[in-house]
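Below is one structure, written out as structure tokens; the observations come after it.
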Protein chains: 2
Amino acid sequence: MGAEPGCPFGGLHRIAVNSDNVRPTTVTDLDLAPFLSRNPLHVSVTVTSVHDPSHREALWELEDAFERGDLISVFGRCTVSYEGRAASDLGAGDRLLVLKPDGAALVHTDEGRQPVNWQPPGSEHHAAIREGRLRVRSTRSNPDETLTVQFSDVHQLSAMAVTGGRDLTLHGSEEDLRTRILDRPDLVEPGFEPKETERPSSAGPMDVFGVDADGTPVVVELKRRRVGPDAVGQLARYVRALREELGIEEGSDDDSGADRNETAPAIRGILVAPSVTDRAAERLADRGFGHVALDPTPAE
Amino acid sequence: MGAEPGCPFGGLHRIAVNSDNVRPTTVTDLDLAPFLSRNPLHVSVTVTSVHDPSHREALWELEDAFERGDLISVFGRCTVSYEGRAASDLGAGDRLLVLKPDGAALVHTDEGRQPVNWQPPGSEHHAAIREGRLRVRSTRSNPDETLTVQFSDVHQLSAMAVTGGRDLTLHGSEEDLRTRILDRPDLVEPGFEPKETERPSSAGPMDVFGVDADGTPVVVELKRRRVGPDAVGQLARYVRALREELGIEEGSDDDSGADRNETAPAIRGILVAPSVTDRAAERLADRGFGHVALDPTPAE
DNA sequence: TGCTCTATATCGATC
DNA sequence: GATCGATGTAGAGCA
């Protein structure tokens, strides 16, 4: 690249000064805009970036990025307020605001996997300058919710045109567990025969419905990980619904397990999960349900 | 600010050229490092930013930012793989990687509130150059999990030292609902008297325990929003546990509601929530429980 | 650490 | 749009 005498990089690149904070912005495109241009730094075809922009600059860049459908990242000092299903306020601090073209908005601090405030996809982003601050507002309806981020300082704003590559392949989900059991029903118990998946009932669809070696109906509930009492309740609802549907007399529902064998429920329930908590095990025993320890994917 | 003849901004600011992609990097600090320095753009005391850096530059900046405990944002083209409780792979594409000093890592595409891949806080970030790509790896134990992001191109890397402002005040939570009920027990029903919150039981702590106008024990389950059948099951567990604990004969647990009044349970259950689903309403009726429609915060 | 439960949960399928 | 169940749920509180 060519360098002029006394200013080695004065040729292709421009340096603009923000009047309010006297910081440089470098522009690498080739157009010869006026010297004190506020144009942003275009570092490549896909990324736009400005450093310590004035609110006005930041506003322009945001609106352009909205227009382009860019993925946007803003570092800055801001306050955040949310009002909707709940309401929250967050005092001034340095944070990262991420704005997505699908309407999602995320406010991240330096801690936590979860954003401290957010707005789900489908929201609408708007930017404006109000009372000397850059205000970014994201709103949605049903439910009506508003997220407002007010920047006193924008340290860094970047926007990238994102293309493709959204095809995540995930292994080890509950679906893998179902596949595994349908492939090898004996993993549930010898003689188990799956008849139907997602079989409808008044309590909702059950994961796997089948019969055991004796021909007794079996409801199987699948969980990809260690489960608590709620999963037992879910299985119980399916079993109860099926009993009602088939007009089968209910087994005793109390804790007098002495005559469990005599009053064995005409429909069995089996919970398939890697493991269960103590409380869940108790409830399984109360209900007369079985537990099969099984992972979504085979151990190595 | 002073401008030298022929190069108006050659004084305080340096422009460095990356040998591999011939793009400028501006440095605004005042130290007089060698001309072709690879130093990043320090736009303020708190933010570091580099544009289209070489992998080596990006690596240096990442390691410095890790050292400083910065909040980091990286735009670039990358592949992502995860292995742990489950496993996943994601092909090449433009994404945003956020690295937090508490160990959290987030990979965001242009869609969704949720990161496409992530690592929770407590993980350890490591960066390296492998096979011509910049590899950022985040690992944790218990469970053992690894997230690997491999950049073929880094478009933009920013890091910010984040300070303070983590005190979120949230209103409209279940705690608000509890406060509201303790303040005005008549909102549950006239004559209701709260006795205890978080009262322990073998099924876990119940939200509110009290007595009604007749002195009958009442278990109150609170939900801040519309609820499904799971909440009824939860309430039922508390009521059952309390019956057992107090040695009270169980009310009938089936659907023969004809003699509901005669065998009325000696312990009542009330679900307080803005509304309930149809299925939940059925189960409430089955169990003989009540429902009180109430919001966490009063309607305007 | 393990267990239980909440969440502005989010997300997808299904009706 | 409402409902229901899965999630690599995350996160908090407590034993």
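Within every chain, numbering begins at 1; the chains are lettered A, B, ... in the order of the sequence lines, protein sequences first and strands thereafter.
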Heavy atoms only, 4.0 Å cut-off, all strands: where does [X] land among base, sugar-phosphate and nothing?
X	value
B:E175	nothing
B:P121	sugar-phosphate
B:S88	nothing
B:R237	sugar-phosphate
B:G112	sugar-phosphate
A:R226	sugar-phosphate
A:A231	nothing
B:A104	nothing

Exercise for the section: Flag this pair as yes if the NZ/CZ of A:R133 is under 6.0 angstrom from the six-membered ring centre of A:F151 and inside a 45 degree cone about the axis; otherwise no. Expected result: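 So A:R133 doesn't make the cation-pi contact.
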Take atom [atom1] in [N] and the same atom in [M], then report the distance between them in whole Å.
N	M	atom1	answer
D:dT7	C:dT6	C1'	15 Å
D:dG5	D:dT9	C1'	13 Å
C:dT14	D:dG8	C1'	25 Å
C:dT8	C:dT4	P	22 Å

Problem - Among B:H125, B:Q119, B:H126, the one residue meeting side chain to side chain donor-acceptor pair (under 3.5 Å) with B:S138 - result: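 Running side chain to side chain donor-acceptor pair (under 3.5 Å) over B:H125, B:Q119, B:H126 with B:S138 returns exactly one hit, B:H125.
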Tell me: [atom1] of [X] to [atom2] of [N], nearest whole Å?
X	N	atom1	atom2	value
A:R113	C:dT10	CZ	C1'	9 Å
A:R279	C:dC3	CZ	C1'	8 Å
B:L177	C:dC5	CG	C1'	15 Å
B:D207	C:dT6	CG	C1'	10 Å
A:L170	D:dG8	CG	C1'	7 Å
B:E174	C:dC5	CD	P	12 Å
A:R178	D:dT7	CZ	C1'	15 Å
B:D230	C:dC5	CG	C1'	11 Å

Are the charged groups of [X] and [Y] less than 4.0 angstrom apart, N to O?
X	Y	value
B:E221	B:R237	no
A:R268	A:E189	yes
B:R166	A:E111	yes

Problem - Residue whose nearest DNA chain C nucleotide is more 5′ - A:P120 or A:V276 - result: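 This one resolves to A:V276.
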Handout entry: Residue closer to the 5' end of DNA chain C, A:Y82 versus B:S141 (nearest nucleotide)
Key =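 It is B:S141 whose nearest nucleotide is closer to the 5' end.
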Handout entry: Heavy-atom side-chain contact between B:S88 and A:L168 under 4.5 Å
Key =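 Counting from C-beta outward, B:S88 and A:L168 do come under 4.5 Å.
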Could you check whether the side chain of [X] and the base of [N] have a donor-acceptor pair of N or O atoms closer than 3.5 Å, going by distance alone?
X	N	value
A:E111	D:dG11	no
A:N117	C:dT8	yes
A:Q114	D:dG11	no

Under 4.0 Å from OP1 or OP2 of [N]: is there any side-chain N or O of [X] that close?
X	N	answer
A:Q234	D:dC4	no
B:T277	D:dA2	no
A:R224	D:dT9	yes
A:R85	C:dT6	no
B:W118	D:dT9	no
A:R225	D:dA6	no

Practice task
Between D:dG1, C:dG2, C:dT8, spot the one nearest the side chain of A:E145, thanks.
Solution key: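 Nearest nucleotide to the side chain: C:dT8.
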Exercise for the section: Kindly point out which of D:dG8, C:dA9, C:dT4 is positioned nearest to the side chain of A:P229? Expected result: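 Of all the options, the side chain of A:P229 is nearest to C:dT4.
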Practice task
Verify side chain to side chain donor-acceptor pair (under 3.5 Å) between B:R135 and B:Q150, making sure each step is shown before the conclusion.
Solution key: CA-CA 4 Å; B:R135 187 186 73 188; B:Q150 292 190 301; over 6 Å; no
Handout entry: Upstream residue (5' side of DNA chain D) when B:Q119 and A:Y238 are each assigned their closest nucleotide
Key =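 The residue whose closest nucleotide sits nearer the 5' end is A:Y238.
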Practice task
Check A:D207, A:L271, A:V272 against A:V220 for a side-chain contact (heavy atoms from CB on, under 4.5 Å) and give me the one that passes.
Solution key: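 Running side-chain contact (heavy atoms from CB on, under 4.5 Å) over A:D207, A:L271, A:V272 with A:V220 returns exactly one hit, A:V272.
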